[in-house]
**Q** 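Dropping a structure here in structure tokens format, bear with me for questions.
Everything numeric here is computed off the predicted structure, so don't read it as measured data.
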Amino acid sequence: MSRLKFILILLLTTNSFSQSKLDRFLTPSDTLNTHRRTAVYISEVAIGGLTLLALDQLWYADFERSNFHTINDNEEWLQMDKMGHVFSSYQLGRLGANVLNWSGASKKEQLLYGSTLGFTFLTAVEILDGFSKEWGFSWGDVMANGAGTGIYIAQELLWEEQRMTLKFSFHQTKYAQISPEKLGNGFSEELLKDYNGQTYWLSFNIHSFFNNDHIPKCLNLALGYSADGMIFAYNESVNNFVANNNRKRQFYLSLDVDLSRIETKSPILKSVFDVLNVIKVPFPTVEFTDKNGIKLHGIYF
């Protein structure tokens, strides 16, 4: 046997062995695996604690501290920031429940301690806001966090599955160039800050509601919400751009794909699909606004 053939066989054997180990690791446990569950709780506490500490030292430290106070920011950004809280709380809760399911924890434990992960973490961030003069503790944000968690828990109690999934899509807009300090400078910053380019979707799995064999199991119908024409949180003008005349709500109707329902025997692919399922798959989309009526998009991000 040539040296090259020996190396190729060795690499293939090692890769197959490694993939087999990874498959076993990613496969959810049929019964409670206490080692896995302990690892999940320790990891969540450690990651959550370190993230909050990093936020406190690297973010909030740049702003003046204050006594704990509350604010009412429910009218800001045409409620796009509240949609972000609903989405984040839902997705963190989904992650928390899934990793507990991976450990073999009971359904009750998944709902009590897993699906509430988003609400717990985001409320802790809200408390940090309360001690910052720049922001403040927002009951509207807390209610949005609760709504995201509630959407997950309600479906598990009603259907024992997620027939409706919260998803996200983004496209860059012209507004970030007008106010980069508010809306971000560059794609990564704009992704988080520019509410004009964000769309939040409620994606319904059609097959789970109608149970028709002719409907693909992964095909979804998605309803989206976004807003446009926003430079600041409220109606203000900058560089002669009058935000008040351009601010508008936008609603969308589109198709989507529930990647978590794509059938595969590979735990690796299943995990990848589950992670990517937070993103709305681009499709032709119908847009509805109170100012422009109906608009068709060939592909909408």
Side-chain angles (χ1 to χ4, degrees), residues 76-91 94 144 147-148 151-152 155 162-180 182-210 215-233 241 243 245-262 272-301:
E76 291 186 358
W77 302 110
L78 294 178
Q79 292 77 53
M80 282 297 293
D81 60 322
K82 298 297 179 283
M83 294 299 297
H85 278 267
V86 175
F87 169 80
S88 299
S89 181
Y90 172 87
Q91 290 296 348
R94 185 176 72 92
I151 290 172
Y152 182 90
Q155 293 186 80
Q162 296 296 295
R163 296 186 179 183
M164 300 179 295
T165 306
L166 290 177
K167 293 194 174 188
F168 174 83
S169 66
F170 176 78
H171 60 272
Q172 289 183 289
T173 73
K174 61 184 178 182
Y175 304 111
Q177 300 175 11
I178 301 173
S179 182
K182 281 284 185 181
L183 304 180
N185 184 12
F187 183 85
S188 59
E189 286 189 9
E190 293 168 31
L191 178 68
L192 298 174
K193 294 183 177 181
D194 188 1
Y195 292 118
N196 299 283
Q198 299 176 0
T199 305
Y200 293 97
W201 301 86
L202 187 59
S203 187
F204 298 81
N205 182 254
I206 302 174
H207 183 272
S208 65
F209 281 103
F210 295 99
I215 301 175
K217 292 182 179 180
C218 60
L219 181 64
N220 280 23
L221 183 68
L223 303 178
Y225 173 72
S226 71
D228 189 68
M230 301 178 295
I231 305 298
F232 294 107
F241 180 92
N245 294 335
N246 294 274
R247 294 162 71 93
K248 62 182 179 182
R249 302 178 190 276
Q250 298 164 308
F251 303 90
Y252 301 92
L253 178 65
S254 182
L255 294 176
D256 186 31
V257 176
D258 188 339
L259 299 177
S260 68
R261 293 177 184 267
I262 295 178
V272 171
F273 289 154
D274 197 56
V275 170
L276 295 178
N277 207 41
V278 303
I279 301 172
K280 159 74 168 63
V281 176
F283 265 103
T285 300
V286 183
E287 174 187 333
F288 305 89
T289 67
D290 55 355
K291 294 186 178 181
N292 299 328
I294 298 177
K295 181 179 179 180
L296 299 178
H297 298 270
I299 292 292
Y300 181 84
F301 291 88

**Q** Would N220 and F204 count as a side-chain contact (heavy atoms from CB on, under 4.5 Å) if you check the C-alpha gap in whole Å, the side-chain angles of each, and the deciding distance to 0.1 Å?
**A** CA-CA 5 Å; N220 280 23; F204 298 81; 5.8 Å; no

**Q** Please tell me whether Y252 and S226 have a donor and an acceptor in their side chains that are separated by less than 3.5 angstrom.
**A** yes

**Q** For K193, give me all partners under salt bridge (charged side-chain N to carboxylate O under 4.0 Å, His left out), at least two apart in sequence or on another chain.
**A** none

**Q** Could you list the residues that satisfy side-chain hydrogen bond (donor to acceptor under 3.5 Å, both in side chains) with H297, not counting sequence neighbours?
**A** E287

**Q** Is the number of heavy atoms from other residues, nucleotides or ligands within 6.0 Å of CD (Q177) greater than 12?
**A** no

**Q** Atom CG in L259, atom CG in D274: separation rounded to 0.5 Å?
**A** 9.0 Å

**Q** Which atoms form the tightest heavy-atom contact between F232 and S179, and what is the distance?
**A** CE2-OG, 4.4 Å

**Q** Step by step, work out the side-chain contact (heavy atoms from CB on, under 4.5 Å) result for T165 and V278.
**A** CA-CA 8 Å; T165 306; V278 303; over 6 Å; no

**Q** With K217, which residues qualify under salt bridge (charged side-chain N to carboxylate O under 4.0 Å, His left out), at least two apart?
**A** E263

**Q** Does F273 have any ring-ring contact (aromatic ring centres under 6.0 Å, His included) partners at least two apart in sequence or in another chain, and if so, which?
**A** none

**Q** F209: what forms a ring-ring contact (aromatic ring centres under 6.0 Å, His included) with it, not counting sequence neighbours?
**A** W159

**Q** For residues A222 and D256, report the shortest heavy-atom separation together with the two atoms involved.
**A** CB-CB, 4.1 Å

**Q** Just how far is it from atom CZ of R94 to atom CG of L166, taken to the nearest 0.5 Å?
**A** 10.0 Å

**Q** Using side chain to side chain contact (heavy atoms under 4.5 Å, CB included) as the criterion, point out the one residue from T199, I279, N277 that pairs with K167.
**A** N277

**Q** Apply side-chain hydrogen bond (donor to acceptor under 3.5 Å, both in side chains) to S254 and list each qualifying residue two or more places apart in sequence or on a separate chain.
**A** K280, T285

**Q** For R247 and A233, work out which heavy atoms get closest and say how close.
**A** NH2-O, 3.2 Å

**Q** Is the closest side-chain heavy-atom distance between S260 and Q162 below 4.5 Å?
**A** no

**Q** Among all residues two or more places apart in sequence or in another chain, which pass the ring-ring contact (aromatic ring centres under 6.0 Å, His included) test with Y225?
**A** F251

**Q** Pair Y195, L78 - check side-chain contact (heavy atoms from CB on, under 4.5 Å), show working.
**A** CA-CA 9 Å; Y195 292 118; L78 294 178; over 6 Å; no

**Q** Write down the atom of G184, the atom of A176, and the distance for their closest heavy-atom approach.
**A** O-CB, 3.7 Å

**Q** Indicate the atoms forming the closest heavy-atom contact of I231 with W77, along with that distance.
**A** O-CH2, 3.6 Å

**Q** Please name all residues satisfying side chain to side chain contact (heavy atoms under 4.5 Å, CB included) with I299, sequence neighbours left out, ordered by chain then number.
**A** P282, P284, F301

**Q** Got a sec, which residues hit salt bridge (charged side-chain N to carboxylate O under 4.0 Å, His left out) with R163, two or more places apart in sequence or on another chain?
**A** E161

**Q** Any chance you could lay out the side-chain contact (heavy atoms from CB on, under 4.5 Å) test for Y200 and V86, step after step, and finish with the verdict?
**A** CA-CA 9 Å; Y200 293 97; V86 175; over 6 Å; no

**Q** To the nearest 0.5 angstrom, please state how far the CE atom of M230 sits from the CE atom of M80.
**A** 6.0 Å

**Q** Checking Q91 side chain against F87 main chain: does a donor-acceptor pair fall under 3.5 Å?
**A** no

**Q** Sequence neighbours left out, what passes ring-ring contact (aromatic ring centres under 6.0 Å, His included) with F187? Give chain and number order.
**A** F170

**Q** Return the OH to NZ distance between Y300 and K295, rounded to the nearest 0.5 Å.
**A** 9.5 Å

**Q** Could I get the full list of side-chain hydrogen bond (donor to acceptor under 3.5 Å, both in side chains) partners for N196, not counting sequence neighbours?
**A** D194

**Q** About how many Å separate CD of Q198 and CG of D81, when rounded to the nearest 0.5 Å?
**A** 9.5 Å

**Q** If you compare all heavy atoms of T289 against all heavy atoms of Q250, which two are closest, and at what distance to 0.1 Å?
**A** CG2-CG, 3.6 Å

**Q** Could I get the full list of side-chain hydrogen bond (donor to acceptor under 3.5 Å, both in side chains) partners for Q172, not counting sequence neighbours?
**A** E190

**Q** Between CG of D228 and OG1 of T173, what distance do you get to the nearest 0.5 Å?
**A** 7.0 Å

**Q** If you count every heavy atom of other residues, nucleotides or ligands that lies below 6.0 Å from K248 atom NZ, does the total exceed 12?
**A** yes

